[in-house]
Amino acid sequence: MKQVILYCRAGFEKDCAGEIQDKANTLEVFGFPRVKRNSGYVLFECYTEGDADRLVREIDFQTLIFARQMFAVAASLEELPESDRISPILDALAEQEGVPTCGDLRVETPDTNEAKELLKFCRKFTVPLRQAMRGKGLLYKKDNLKKPVMHLCFVEPGKCYVGYSYANNNSQFFMGIPRLKFPSDAPSRSTLKLEEAFHVFIPKSEWDERLASGMWAVDLGACPGGWTYQLVKRSMFVHAIDNGMMAQSLMDTGQVKHHQADGFKFEPPRKNVTWLVCDMIEKPSRVAQLMGEWIIKGWCKEALFNLKLPMKGRYDEVLQDIENLKTFLKENGIKFTLQAKHLYHDREEITVHVQSHTNLGW
Ligand SMILES: C[S@@+](CC[C@H](N)C(=O)[O-])C[C@H]1O[C@@H](n2cnc3c(N)ncnc32)[C@H](O)[C@@H]1O
């Protein structure tokens with residue numbers, strides 16, 4: 001297998017391509033990306049047989065910013081006959097060596113308006129295809145979320161890529177997108193950004209400990225309160241920093257203290273803050289620096305923040321800001337984990353999560 005497909009937000013194919021090219025170079029896997037603007041995916045073509053499997057195994061998926069999903073392509077099929085789409089897919093997989101037996105099947109499309117029209121078909125097609133794949137031993141008889149995932153990506157009617165990802169190195173979500181429902185009582189749609197960030201960055205098994213009731217949080221650039229809403233919903237107490245107006249419904253909970261102040265100057269009154277979240281529209285380098293300062297001073301244990309993307313050179317800019325932040329933290333002796341992702345609910349921004357592993361002494 002020589003091809004890897006990566007899903008991304010439509011319009012961000014070049015950023016996604018730059019990223020996979022860098023990662024492949026680092027592993028000394030040689031190849032080139034094929035980019036079709038606004039297609040919602042990138043195909044990376046390796047020169048050497050077997051390298052697609054290396055990429056989906058050895059690139060740590062969590063380190064990819066712009067890719068929502070990646071899988072090794074075992075076959076690409078065109079003009080599937082409407083009378084029998086299944087047989088050509090099974091035949092193509094039978095010819096290909098090295099496809100692992102999978103524990104799950106996802107029939108997907110790229111995230112574009114045109115491709116999404118195929119989703120109804122994808123849902124219907126999944127049932128007979130799953131049955132047929134089980135019959136051929138391509139899928140285990142029962143769903144097993146620890147085993148590799150079989151993906152089909154329909155880019156047009158009758159045209160698809162079929163392949164697999166590894167369960168410990170992929171997105172656990174269908175199409176790489178967590179399905180979230182907008183809570184009708186939230187003050188702004190951006191509430192979904194923070195909720196998605198929790199799903200993507202914090203393993204569900206750790207939510208009770210790391211997103212626990214009674215914790216203190218600081219929300220910089222909080223108004224009208226979509227992010228604060230998520231924290232309040234998890235029974236936290238929040239310092240909301242913004243010169244604007246907070247939604248009255250949040251103030252009425254008694255869990256929110258509104259400070260009409262500059263987020264760059266605010267200092268928490270007590271050193272008991274677990275979460276720092278920040279959605280201020282500001283230069284990304286300035287925000288990254290501020291987040292680093294909070295972590296270094298021990299003012300918070302975990303930080304979740306947006307970096308607004310510039311019009312040009314988006315990938316280079318975020319890479320630089322993240323590298324600077326990592327250097328800043330390391331130089332100050334902080335042990336940390338950092339992840340960055342262009343989330344489904346992000347547009348011209350990415351979301352970054354930093355967890356400090358340095359003991360704050362409280
Ligand atoms: C995108 S909005 C935040 C939306 C919010 N996260 C929500 O979910 O409702 C950005 C906010 O940052 C605030 N802001 C920008 N610069 C700021 C600063 N220096 N200090 C505090 N707030 C700032 C703006 O007033 C604005 O309300």
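Each ligand, and each atom within it, is numbered from 1 in the order the structure gives. Because the structure is a prediction, the values reported are computed rather than measured. Start at 1 with the first residue, then count along the sequence.
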Inset, instruction - Would you check the N or O atoms of Met280, main chain and side chain alike, for any that come under 3.5 Å of an N or O of ligand 1? - result: no
Inset, instruction - Could you find the nearest protein heavy atom to atom 8 (O) of ligand 1 and give me its residue, atom name and distance? - result: Ser190 OG, 2.7 Å
Legend entry - Atom pair CG (Asn306) and CD (Glu282), whose distance is rounded to the nearest 0.5 Å: 13.0 Å
Legend entry - Per-atom contacts of ligand 1 with Gly226, taking only distances under 4.0 Å to non-hydrogen atoms: 7 (C), 8 (O), 9 (O)
Legend entry - Polar contact flag, side-chain donor to acceptor under 3.5 angstrom, Asp60-Thr63: no
Inset, instruction - Using only heavy-atom distances, determine whether the side chains of Gln3 and Tyr161 contain a donor-acceptor pair under 3.5 Å. - result: no
Legend entry - Contact check: Thr191 vs ligand 1, nitrogen or oxygen atoms, below 3.5 angstrom: no
Legend entry - Asp262 to ligand 1, any heavy atom closer than 4.0 Å: yes
Inset, instruction - Among Trp275, Trp299, Phe264, find the one that has a ring-ring contact (aromatic ring centres under 6.0 Å, His included) with Trp294. - result: Trp299
Legend entry - Heavy-atom gap Glu282 to ligand 1 smaller than 4.0 Å: no
Inset, instruction - Enumerate the atoms of ligand 1 whose separation from the nearest heavy atom of Ala261 is less than 4.0 angstrom. - result: 20 (N), 21 (C)
Inset, instruction - Quick one: look at Tyr229 and ligand 1, take heavy-atom pairs under 4.0 Å, and tell me if it's side chain, backbone, both or neither. - result: neither
Legend entry - N or O pair under 3.5 Å between Gly263 and ligand 1: yes
Inset, instruction - Look at atom CZ of Arg179 and say whether more than 12 heavy atoms of other residues, nucleotides or ligands are closer to it than 6.0 Å. - result: yes
Inset, instruction - Give the residue and atom name of whichever protein heavy atom lies nearest to atom 10 (C) of ligand 1, and the separation in Å to one decimal. - result: Asp279 O, 3.4 Å
Inset, instruction - Any atoms of ligand 1 less than 4.0 Å from a non-hydrogen atom of Cys223? List them with their elements. - result: 2 (S), 3 (C), 4 (C), 5 (C), 9 (O), 27 (O)
Legend entry - Closest approach of any protein heavy atom to atom 11 (C) of ligand 1, naming residue and atom: Asp242 OD2, 3.4 Å
Legend entry - Partner of Phe125 by side chain to side chain contact (heavy atoms under 4.5 Å, CB included), out of Lys120, Arg130, Arg85: Arg85
Inset, instruction - Check the side chains of Gln320 and Asn324 for a donor-acceptor pair under 3.5 angstrom, ignoring hydrogens and angles. - result: yes
Legend entry - Part of Pro187 with heavy atoms under 4.0 Å of ligand 1, whether side chain, backbone, both or neither: neither
Inset, instruction - Measure the shortest side-chain to side-chain distance between Leu309 and Phe12 over non-hydrogen atoms and say whether it is less than 4.5 angstrom. - result: yes
Inset, instruction - Examine the side chains of Asp22 and Tyr315 and answer whether a donor and an acceptor come within less than 3.5 Å of each other. - result: yes
Inset, instruction - For Gly221, take its heavy atoms, then give the atoms of ligand 1 lying under 4.0 Å from any of them. - result: 3 (C), 5 (C), 6 (N), 11 (C), 12 (O), 13 (C), 22 (N)
Inset, instruction - Can you spot which of Arg314, Arg37, Lys312, Arg9 makes a salt bridge (charged side-chain N to carboxylate O under 4.0 Å, His left out) with Asp15? - result: Arg314
Legend entry - Side-chain ion pair, Asp104 and Lys146, N-O less than 4.0 Å: no
Inset, instruction - Under 4.0 Å, heavy atoms only, figure out whether ligand 1 is touched by the backbone of Pro224, its side chain, both or neither. - result: both
Legend entry - Atoms in ligand 1 with a heavy atom of Ser188 nearer than 4.0 Å: 7 (C), 8 (O), 9 (O)
Inset, instruction - Could you tell me if any non-hydrogen atom of Asn243 lies under 4.0 Å from any atom of ligand 1? - result: no
